[in-house]
Amino acid sequence: MNEPKIMAIDDDMEMLKQLAVMLGKQYAVSVMTSAAQALEALHCGELPDLILLDVMMPETDGFSMMEHLKRDPALSRIPVIFLTGMTDTDDEIRGLFLGGSDYIRKPFHREVLLARIAVQLSAHKRKPETISPEIAAMLTENERKVAELLYQGYTGKEIGDRLFFSYSYIKKLTASLKVKLDANTPGELMRKLRK
């Protein structure tokens, strides 16, 4: 079985070396020295199972990078652990509200970091990135687009904004999806899409 992939993003080279040594025995570790470098790798398809993200970096900070990740359906489900020297509780709350899975203050204990990584990897076992080909084959192109975004956790309004469809058209497509997948409620539709 392939070892889980972890991407560590920090502008401190010493910290990256420390993380690579600390995690390298259990995980495939890639290190990035900036948010821009990490985003380029992510957009080229280098998708890790978990991201360790420093908050205080030049140009694009960790909070801004987190916002970017959450806006991209291909990246939004990767768990992110903030790993930072920032000690203000408000910063921790902000990181968690932005969608961070955990927030660990530096300096950290190796065993605590490894345990928190293991917990997040277990909780975020990768689901397929898309609806099944069998379901996709049953749908029109617009139904498929809506189904993909529903699957990824977007709301009807967010789907309309992303696809430039009116909310009433999204409701019509969602109703059609329910009929085709024999689902009576939104929850039942989600279960069928995620089978």
Side-chain angles (χ1 to χ4, degrees), residues 1-7 9 27-28 30 32 35-53 60 62-82 94-102 117 119-195:
M1 185 174 151
N2 291 340
E3 48 192 15
K5 297 175 190 162
I6 295 180
M7 179 181 284
I9 307 164
Y27 304 107
S30 60
M32 305 289 161
Q37 182 187 22
L39 287 169
E40 183 178 343
L42 291 165
H43 289 303
C44 288
E46 188 180 321
L47 299 181
D49 298 291
L50 182 137
I51 294 173
L52 295 175
L53 179 59
T60 304
F63 292 145
S64 299
M65 169 139 186
M66 187 73 199
E67 289 171 341
H68 182 95
L69 293 173
K70 289 301 175 187
R71 283 194 304 268
D72 188 328
L75 307 175
S76 64
R77 296 193 304 160
I78 301 171
V80 175
I81 296 178
F82 285 107
R94 181 179 177 198
L96 295 172
F97 272 114
L98 284 172
S101 301
D102 204 343
I117 288 172
V119 166
Q120 292 306 323
L121 288 173
S122 174
H124 290 86
K125 290 251 189 243
R126 275 249 179 107
K127 291 182 180 171
E129 296 294 330
T130 185
I131 59 174
S132 74
E134 296 81 14
I135 290 176
M138 300 167 50
L139 308 176
T140 67
E141 183 180 351
N142 285 344
E143 288 169 346
R144 184 188 52 73
K145 287 177 183 176
V146 170
E148 293 281 1
L149 292 171
L150 282 171
Y151 177 87
Q152 293 165 9
Y154 287 93
T155 66
K157 182 181 181 321
E158 291 168 334
I159 293 170
D161 291 345
R162 289 186 72 83
L163 297 178
F164 304 104
F165 293 161
S166 69
Y167 184 58
S168 61
Y169 186 53
I170 296 296
K171 289 195 329 192
K172 180 180 174 185
L173 290 170
T174 304
S176 179
L177 286 172
K178 285 182 188 173
V179 170
K180 287 187 176 181
L181 297 178
D182 192 28
N184 296 315
T185 65
E188 195 175 345
L189 176 60
M190 289 306 297
R191 281 192 295 279
K192 299 233 172 161
L193 287 174
R194 292 187 167 173
K195 271 189 176 177

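Along the sequence shown, the residues carry numbers beginning at 1.
- Every residue two or more places apart in sequence or in another chain that forms a side chain to side chain contact (heavy atoms under 4.5 Å, CB included) with Ala36 is listed here: Ser34.
- Here the closest heavy-atom approach between residue Ile9 and residue Ala38 is recorded as CD1-CB, 3.5 Å.
- For Glu158, the side-chain hydrogen bond (donor to acceptor under 3.5 Å, both in side chains) partners at least two apart in sequence or on another chain are Thr155.
- Of the candidates Val119, Asp102, Ile51, Ile81 forms a side chain to side chain contact (heavy atoms under 4.5 Å, CB included) with just one, namely Asp102.
- At a threshold of 4.5 Å between non-hydrogen side-chain atoms, the residues Ile135 and Leu193 count as touching.
- Partners of Glu46 by side-chain hydrogen bond (donor to acceptor under 3.5 Å, both in side chains), not counting sequence neighbours, listed by chain and number: Ser30.
- A search for side-chain hydrogen bond (donor to acceptor under 3.5 Å, both in side chains) contacts involving Gln37 returns Thr33, not counting sequence neighbours.
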key: Stepwise side chain to side chain contact (heavy atoms under 4.5 Å, CB included) test for Thr174 and Ile170   = CA-CA 6 Å; Thr174 304; Ile170 296 296; 4.0 Å; yes

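- With sequence neighbours left out, the salt bridge (Lys or Arg N to Asp or Glu O under 4.0 Å) criterion links Lys5 to no other residue.
- Atom-to-atom distance recorded for Ile78:CD1 and Ser101:OG is 10.5 Å, nearest 0.5 angstrom.
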Leu173 and Ile159: CA distance, side-chain angles, deciding distance, side chain to side chain contact (heavy atoms under 4.5 Å, CB included) verdict = CA-CA 11 Å; Leu173 290 170; Ile159 293 170; over 6 Å; no

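- Residues passing the ring-ring contact (aromatic ring centres under 6.0 Å, His included) test with Tyr27: none are found, sequence neighbours excluded.
- Under the salt bridge (Lys or Arg N to Asp or Glu O under 4.0 Å) criterion, Glu141 pairs with Lys145, sequence neighbours left out.
- With sequence neighbours left out, the side chain to side chain contact (heavy atoms under 4.5 Å, CB included) criterion links Ala35 to Met57, Thr60, Met65.
- Smallest separation of non-hydrogen atoms from Ala147 and Leu139: CB-CD1, 3.9 Å.
- With sequence neighbours excluded, the residues forming a ring-ring contact (aromatic ring centres under 6.0 Å, His included) with Tyr169 are Phe165, listed by chain and number.
- The side-chain hydrogen bond (donor to acceptor under 3.5 Å, both in side chains) pairs that include a residue from residues 175-186 are Glu143-Ser176, Glu143-Lys180, where partners are two or more places apart or lie in different chains.
- Annotation: side chain to side chain contact (heavy atoms under 4.5 Å, CB included) contacts of His43 (sequence neighbours excluded): Leu39, His68, Asp72, Leu75.
- Nearest heavy-atom pair across Ser76 and Lys70 is O-NZ, 2.7 Å.
- Side chains of Ile117 and Leu52 form a contact here, defined as non-hydrogen atoms less than 4.5 Å apart.
- Judged as a salt bridge (Lys or Arg N to Asp or Glu O under 4.0 Å), and not counting sequence neighbours, the contacts of Asp161 are Lys157.
- Closest non-hydrogen pair, Pro4 versus Leu121, comes out as CB-CD1, 3.9 Å.
- Shortest non-hydrogen contact noted between Leu181 and Met138 is CD2-CE, 3.8 Å.
- Shown here for Leu42 and Leu47, the closest heavy-atom pair between the two residues is O-CD2, 3.7 Å.
- More than 12 heavy atoms of other residues, nucleotides or ligands lie within 6.0 Å of CD in Glu67, so this atom counts as buried by the packing criterion.
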